Amino acid sequence: MSSSDDDTPLVKDRANGAKSEDRIPKNVDRALDKQLPSNGHVEPGVSIRMGPVEDMDVDTPQTNGNANGKRKARTSLTNGKSYKEASSSEDDDKPLSKRRRTSQKQAKEDSDTDLSDVPLRVRKPPKATAAQIGESSDSDTPLNAKLVKQKEIIEKAAEKEAKSIRNKEKTAAKRKPKVISESEDDDVPLARKRKQPAKRASNGVQKPDSDSDVPLAKKKPQPKKGKAKAEPAVPAKKGKGKAKAEQTEQDKEAEDEEESYKWWEDPTKGDGTKKWTTLEHNGVVFPPEYEPLPKNVKLIYDGVPVTLHKDAEEIATFYGGMLNSTHNIENPTFNKNFFEDFTAVLDKTGNGKDKSGNTVKIKKFDKCDFKPIFEHFEADRAKKKALPAAEKKALKAQKDEAEAPYMFCMWDGRKQKVGNFRVEPPGLFRGRGEHPKTGRLKKRVTPEQIIINIGKEATVPEAPTGHRWKEIKHDQEGTWLAMWQENINGAYKYVMLAANSDIKGQSDYKKFEKARELKKHIDRIRKDYQRELKSEKMVDRQRATAIYLIDQFALRAGNEKGEDEADTVGCCSLKFQHITLKPPNYVIFDFLGKDSIRFYDEVQVDSQVFKNLKIFKKAPKTEGDDIFDRLTTSALNKHLTSYMPGLTAKVFRTYNASWTMARLLKDMKAVGTVAEKVKAYNDANREVAILCNHKRTVAAGHAGSVEKMQDKIDGLRYQVWRTKLMMIDVDPRMKKKKGAEFFERPEDLDDDWVKQHQDALVEEQRQKITKKFEKENEKLKADGEKEMKPKELDERLEVAEELAQKFKKENKTGKVEAEGKGPTVDKIEGNIDKLNQRIETMKVQLEDKEGNKEVALGTSKINYIDPRLTVVFSKKFDVPIERFFSKTLREKFDWAIKSVDEDWDF
DNA sequence: CGGATTGATTCGGGTCTACACGA
DNA sequence: CTCGTGTAGACCCGAATCAATCC
């Protein structure tokens, strides 16, 4: 850069190395100005959406000016690779790029150091550092600190909880009502519990129970203590078996009653933090206990079948069941993590034994052979599949009945569906992308880890026999019914209501209302960030640039991530290497975003943004350094909130997605068939999905099915050509009339192709005839009659032979005899039209398929596009809503379907 | 006090399976 | 009509966002 001496950074090192100056020297901009087309003044109200400054458009969103249409060179579809490819090509720099901030203390010390002395790539000590060691008495080595942390997560939880309650009490006055915990409440007698199936009880503490095999569902609901208004959460269904028909009818009735309540018209709903007044539910369903393998199925170690303790064996089955998933088992990290956790359990439970009872020490992963386990499962699966339909049905009915009590809860007296009442079963953690913890053992969750949230008056569901819940809460600000902490990352898992519940509908509604609210502020926000792109304060300039990117390209906020998570980024966490600048004003994004989905896009940006990014990437910054080193997501959101309460980065995604959809649907003309309208809608949907970078991996059979379709289209085109020639056969004058060109065979259908195609047609005919013949014979045989002779088949096959001859003759003479009875030119014209029609629709289908092969439409439909837009479209264009929303989606968006009319506008 | 952690909620693609669809 | 087969959508559970709290 020309002005290198002026650029000498006063960089304060923030652990990461380079940090940009507080103030941006004037000459930096000037220097850059020389290299860039100057950016004229931006008029108030100007949308800076996309495109070079020169052709900036002045439309505001409401009118029609979204410049998504102006998005240049969007290449994600053609250039995008899945993370698998993407990450493998980045493998080399991966370990190095993992640099993070040091602890506060260290950062402070560093800040006084002159930059030139600070190596940019400071390797950090393992994460469990300063804070943790200081907090957990020094006796632990840093290495152990991690483990200690995990343990503490569990062990300290109670203490923390108590603390947090204390804290809440302190601050409660203004925000949170007190949360009452009954965790100390010890009055649940362990021995005298309601009986549970024997299987429920785990790990020894179990009391044999005479009654234990009575299915849970048959039991009477327990008497309610403080029952007043609400029905028992789930009234015991009358008899099983045919109960289904009855049940659905009953449900329908219930729904009809509920129908009258429209929360979206209820002014008391929506605001306020108290989510419920009364809450009743039956808790959670645990996964079935582990069932040991049959004696003859064993892990083979170093050629020797070994008997394992059942706990260890269970883990072996997790791996064994995955042998068909090369994705996992060929991943070294996965195998290493798995084996570490596997051997840890082996150490605890004792190692395996061979058949004479000698200990077999399992110490090398490579010597483990899980195949017998895998094959056992495969066989099992096959057996299950082969089960008679009736039995399958019965099995399913049994399961449904057992789970029925958990499917619904009573929320403020209304019956609501529960989303995920099943506790997640143990297994091997996969994680997405290159997750450092992939392959780790996800442990079985015990009742002792589960916190139940339920109304004070409600009967608390009983823990399985011999167990008790970790805690009972009555937190009316929470929308969850149960919760536990998972052992891999310490993440919280919640049992919440289904998407079609009132509470979820309400928050969905609020989300879209918030996005609509943004409409009123977006002009001001855009104007402001446009101005601040030139701010002298680095903080402001970075923030403005970030908002620009979030607004234009629908980037996510990009929170900081930890050492032991997959290395993915969003806007604020973009690194040096994720952005490539291509003068005059192109930017190439290439990074792994949420779920390690690759974001690849080549775009034009405002020239000031281009300049800024150049500054943000300036030396000494290099690979691995933050582009927005002065910006955090919380600072960003804090700023956004000042424009509008509740405005955060993610709102822009909702806003831009819904707004784009609104624009596209509005511009649409209500013509054509229903199918065409649906197609048009899906096209709009797809545009939104592309905006949001919602991708999917190309289906395995995609290439094949595309080829098939193409073949079919070619076949039809060939048929069109043949049919045209028939015209000449009927009326030779047509040749002159239509012109020679009309009768030419499409170039790509060359002689070779025609031969092959003809052969295929003939063969197809043969097959058809043969099959029919065989089938008829079967039938004759079954009826006890005489079978037809092979000679009969030969005779029938004559038809195919004639066809072959016909083709041969056609090839030779270049003429085609007219087919069908009483062929006329008019009839033939009609046939051609029909064929062309079919070709057209198939072409459209093919394009659709190709366009959708790596775009997932579902996510944007479910989460980003205001459902009311779809409802309006459906009404205006008279397309049944069923064409857009599946049954579940219709339930989820019930509020939208019922609340808007044709002229509702986003 | 600003960064780290906690906790709750939304978002997200993969997998599995029932079911529609075409030969 | 039925028989595979391909696919939409339910289900699963991991990964983000973001406010509140902690330290």
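We name chains A, B, ... by the order of the sequence lines, and we start the count at 1 in each one. Computed from a predicted model, the values in this text were never measured in an experiment.
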Between A:T888 and A:K442, just flag the one whose closest nucleotide in DNA chain C comes earlier from the 5' side. A:T888
Whole angstrom value for the distance that separates P of C:dG14 from NE2 of A:H435: 9 Å
How about A:T568 and A:K561: does a side-chain donor come under 3.5 Å of a side-chain acceptor? yes
Distance check: side-chain N/O of A:T479 vs OP1/OP2 of B:dT9, anything under 4.0 Å? yes
Using a strict threshold of under 4.0 Å (side-chain N to carboxylate O), is an ion pair present between A:D626 and A:K575? yes
Ignoring hydrogens and geometry beyond distance, is a side-chain donor-acceptor pair present between A:Y494 and A:T479 at under 3.5 Å? no
When you measure from the side-chain N and O atoms of A:T568 to the phosphate of C:dA15, is any distance below 4.0 Å, counting only OP1 and OP2? no
Please pick, from B:dA8, B:dT10, C:dA15, the nucleotide with the shortest atom-to-atom distance to any side-chain atom of A:D595. C:dA15
Is the A:F334-A:H327 ring centre distance short of 6.0 angstrom? no
Given B:dT9, is OP1 or OP2 found less than 4.0 Å from the side-chain N or O atoms of A:K504? no
Distances under 3.5 Å between protein N/O atoms and the N/O atoms of nucleotides 18-23 of chain B, please, pair by pair.
{"residue": "B:dA23", "atom": "OP1", "partner": "A:K712", "partner atom": "NZ", "Å": "2.8"}

Is the phosphate of B:dG13 approached by A:T697 (side-chain N or O, under 4.0 Å from OP1 or OP2)? no
Distance test, side-chain N/O of A:K275 to OP1/OP2 of B:dT9, below 4.0 Å: yes
What's the CG-P distance between A:N559 and C:dA16, to the nearest Å? 10 Å
Distance from A:L497 atom CG to A:K275 atom NZ, nearest 0.5 Å? 11.5 Å
If you compare every side-chain N and O of A:N863 against the phosphate oxygens of B:dT10 (OP1, OP2), does one of them come in below 4.0 Å? no
Listed nucleotide nearest any side-chain atom of A:R556, set C:dC12, B:dG12, B:dA8: B:dG12
Would you say A:S507 places a side-chain N or O within less than 4.0 Å of OP1 or OP2 belonging to B:dT10? yes
Numerically ordered, the residues 638-650 of chain A set in heavy-atom contact under 4.0 Å with DNA chain C is A:T648, A:A649, A:K650
Mind telling me whether A:F599 and A:F591 have parallel, tilted or perpendicular rings, with 30° and 60° as the class edges? parallel
